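Only heavy atoms go into these numbers, but all of them, side chains included; no hydrogens, no water, no symmetry mates. Chain letters run A, B, ... following the sequence lines, proteins first and then strands; every chain starts at 1. No experiment lies behind these values; they were computed from the predicted model shown.
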Amino acid sequence: MRLAFNDDQQMFNAALDQMLGAEASEFRTVAEWGRWDYGTALDATLTENGFFDAAREETLGPVAAAELVMRIAARPVVVECAASALLLPLLDMDLPRPCAVIDGEARVVRFAPEARSVIWLGDRPRAALLPDSAVTPGETIFAFPVGAIDTGALDWRDLAPDPAMVRARWQVALAAELVGALTGGLESVLTHVRDRQQFGRPLGSFQAVQHRLAADAVQLDSARWMVLRAAQTGGTGDAALALGHAQNAALRMIYDLHQFMGAMGLTLEHPLHRFTYRAKMLRTALGGPSAALRAFADNYWGVS
Amino acid sequence: MEFAWTEQDRTHRARIRALLASALPADWQVIARHGPGSREQTLFSLSFCPQLAEAGLLVPHWPREWGGQGGTVWEHFILGEEMWAAGEPRGPQYMNVNWIGPVLMQFGSEAQKARYLPPMAQGRAIWCQGFSEPGAGSDLGSLRTRADRDGDTYVLNGQKIWTSYAGMAETCFLLVRIGGEKAGKAGIAVFLVPMDSPGIEVRAIPSLIGHGDIHEVFFTDVRVPASARLGEPGQGWTIISAALANERVGIPRYALARQVLDDMVGLLQARAGFADPVVRLRAAEAAAACDAARLLVYAVIDARARGIAAEASTARLAVIAADNAVNDFGMEFLPECYHGDGHPALLAHHERAIVTGIAAGAAEIQLNLVAQRRLALPKGA
Ligand SMILES: Cc1cc2nc3c(=O)[nH]c(=O)nc-3n(C[C@H](O)[C@H](O)[C@H](O)COP(=O)(O)OP(=O)(O)OC[C@H]3O[C@@H](n4cnc5c(N)ncnc54)[C@H](O)[C@@H]3O)c2cc1C
């Protein structure tokens, strides 16, 4: 049991934080009531500097990759990172990123309009290059670029790794992205309740506010550890638990975050909605918390 | 980062399990039914702890000078995990091992250490913790039991309440207010008080949480020598903080909760009650709560092993949630197990679970601490 990042991982995190702190990943409103802002500049910097290859490096590994996803997802700009950091390095083929993942209906796929490759999960995981012509951009309230993918138009190749292993890795990736989004939301609300004064004192000094945010922080911290553990062990039970626990925690937390932000949190001029709406979508991924947790139960105790 | 145990830790755990397997009698579940403070379990601890000491497994993390082997933080922790999962056969003596002994080593006089540490390391010392009072629970700093100096002695007067193990304890780790000193935390001192001192009266309080666990303790003109005082004047609150820090993550309660959850699932499977997807979901949620607690506690222990004092309230809150999630699961899907005495493990866990959010700092106090220390929110009014 050794729960600290190693020296290489610490350096990796520090370098990453520098890039994430750059102006290009700050919050800006988007014209015409846009709900998301793809971090094109951030995406390019991270790619150029090889951050998405972490999982392939022995001293960094999936732990650093999961941490990368959590930290990127905590920024107001959105960058495709979960598949790039955790799925692509698992495959035996060299696919370009950004990478979209079909893990439900092909009708609404996150990142489809930005992606240059696509992975289709299921009993027979497959991958393909994704030309623009195969994507129809869509509309969503969920603060991600989404689009429909014409799966019939693509040249699919089967993936070599075991489908259960690919699925487990994707569960970890989604859990990491969800934990990141919730972390970004919590940080923005903490800043707000420390500063905002009502009744002559900061909102964050009221115990009713403190206790709910503290309870949320407990859930979030534990979800974060579960993600790191699942990334490190590669266990299917650990992966299901990490996703189910994070998805379960998200519901109450999203409610609390919006409550304490008041009316400001309902505007497009504050970044909170970016985090909470991403979290709302990720919360339902792969069937949502009940699917993940029942899968854990089956895995651990057997079916009946 | 590595979530697997080292070879050394696995061997250590296996040794503890082997010892438990041979030392616990067939009717252990019945002995353990009424909790660490019960007469049965306290008496059992007086034969079990010497065996642990003999095997070098009572105080392995203590320095050699006091009977330990200078073991690692993790070795000590694994020991606690296994003992709690087994229903705490050390009875009240876990307190000696976890915090009373270490606090005496840090703050005690040579005479105090020589008198109290060897019996603890041999497994034959029963202590109680006299902190709470009728008027001072969460707000411990407002305690009123007083110690007044009279020549070479102090005279103690006042009342403690909720004192676990007081019925059979030989010594009390007692918090008092020194008469005449400034009010507030600065006036608090610690005394090591023999429980057979004239003027001490102990009354058991009938409760939901185990036979003979909690007591009222009355002090009427109890005389103790000045040498019974622990630490230097003004050091009282520092000593308490050190004690509480060790106490708060001292008990790995999720270890028993997780084990009892497996027992519950086994019972349900035996009667085909685990096919319902809702039941499976709820079991998995309880397992997730146990794992959440385990990981957050491990993070605190890991920091400690690296010499960093980590905030422990986040972990405590997850531990409270875990105990309750498992208990709620059992009471909802196996209600019949809480009648009669056919399921001592579930009943014993139930009694521990209803305590978790109250003893050793209520859940709401932990939430205050997380808000202020972990989230840097401004102190409440
Ligand atoms: C089984 C058991 C064993 C115990 N053993 C011992 C022992 O051996 N020695 C000993 O000294 N004590 C012992 N205690 C006492 C324990 O430490 C106290 O119960 C605890 O500190 C809480 O104090 P209280 O019960 O007086 O509750 P109170 O302080 O009256 O609080 C009641 C409730 O009010 C709320 N509350 C209190 N303060 C705040 C606040 N600031 N903000 C928000 N909410 C608040 C919390 O919900 C709390 O649970 C034991 C208790 C139990 C249940």
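- In this structure a side-chain-to-backbone donor-acceptor pair under 3.5 Å is missing from Arg304(B) to Ile308(B).
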Report task. In sequence, state the C-alpha distance, the side-chain angles, and the governing distance for Arg352(B) and Glu88(B), and then conclude on salt bridge (charged side-chain N to carboxylate O under 4.0 Å, His left out). Result -> CA-CA 11 Å; Arg352(B) 287 165 177 61; Glu88(B) 196 47 277; over 6 Å; no

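- Only the side chain of Val63(A) comes within less than 4.5 Å of a heavy atom of chain B; its backbone N, CA, C and O stay farther away.
- Checking side-chain atoms of Trp62(B) against main-chain N and O of Val97(B) turns up a donor-acceptor pair under 3.5 Å.
- Expressed to the nearest 0.5 Å, how far CZ of Arg75(A) lies from CZ of Arg274(A) amounts to 11.5 Å.
- Using a 4.5 Å cut-off between heavy atoms, Gln372(B) contacts chain A through its side chain alone, with no backbone atom that close.
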Requested in this report: Begin from the C-alpha positions of Tyr94(B) and Trp99(B) and carry the test ring pair (Phe, Tyr, Trp, His ring centres under 6.0 Å) through to its verdict.
Outcome: CA-CA 8 Å; Tyr94(B) 76 88; Trp99(B) 67 266; 9.0 Å; no

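- For Arg10(B) (side chain) and Trp5(B) (main-chain N/O), a donor-acceptor pair under 3.5 Å exists by modelled atom type.
- Of the two parts of Arg306(B), only the side chain, counted from C-beta on, holds a non-hydrogen atom closer than 4.5 Å to a non-hydrogen atom of chain A.
- The candidate with the highest count of non-hydrogen atom pairs below 4.5 Å against chain B, out of Ala214(A), Ala215(A), Ala217(A), Ala231(A), is Ala214(A).
- Between Trp74(B) and Phe77(B), the ring planes lie perpendicular to each other; the angle is over 60°, past the 30° to 60° tilted range.
- Ranked by non-hydrogen atom pairs under 4.5 Å with chain B, the options Arg212(A), Gln219(A), Arg229(A) are led by Arg229(A).
- Between Phe51(A) and Phe12(A), the ring-plane angle classifies as tilted under the 30° and 60° cut-offs.
- Ala272(B) does not touch chain A: none of its heavy atoms, backbone or side chain, sits under 4.5 Å away.
- Side-chain contact, Gln8(B) with Glu75(B): a donor N or O sits under 3.5 Å from an acceptor N or O.
- Residue Ser290(A) touches chain B through both its backbone and its side chain, counting heavy-atom pairs closer than 4.5 Å.
- When heavy atoms are compared at a cutoff of 4.5 Å, Leu228(A) approaches chain B by way of both its backbone and its side chain.
- Within the 4.5 angstrom heavy-atom criterion, atoms from both the backbone and the side chain of Gln210(A) approach chain B.
- Interface with chain B: from residues 241-265 of chain A, residues Leu241(A), His245(A), Asn248(A) qualify, criterion being any non-hydrogen pair under 4.5 Å.
- His343(B) and Asp263(B) share no side-chain donor-acceptor pair at under 3.5 Å.
- Both the backbone and the side chain of Ala376(B) come within contact range of chain A, judged by heavy atoms closer than 4.5 Å.
- Heavy-atom pairs under 4.5 Å with chain A were tallied for Val278(B), Asn368(B), Leu317(B), Val279(B); the largest tally goes to Asn368(B).
- In terms of heavy-atom pairs under 4.5 Å with chain A, the best-connected choice from Ala318(B), Ala283(B), Gly273(B) is Ala283(B).
- The ring pair (Phe, Tyr, Trp, His ring centres under 6.0 Å) contacts involving residues 313-332 of chain B comprise Phe329(B)-Phe333(B), where partners must be two or more places apart or lie in separate chains.
- Proximity to chain B involves both the backbone and the side chain of Phe5(A), based on heavy atoms less than 4.5 angstrom apart.
- Judged by distance alone, the side chains of Asp291(B) and Trp225(A) never bring a donor and an acceptor atom under 3.5 Å apart.
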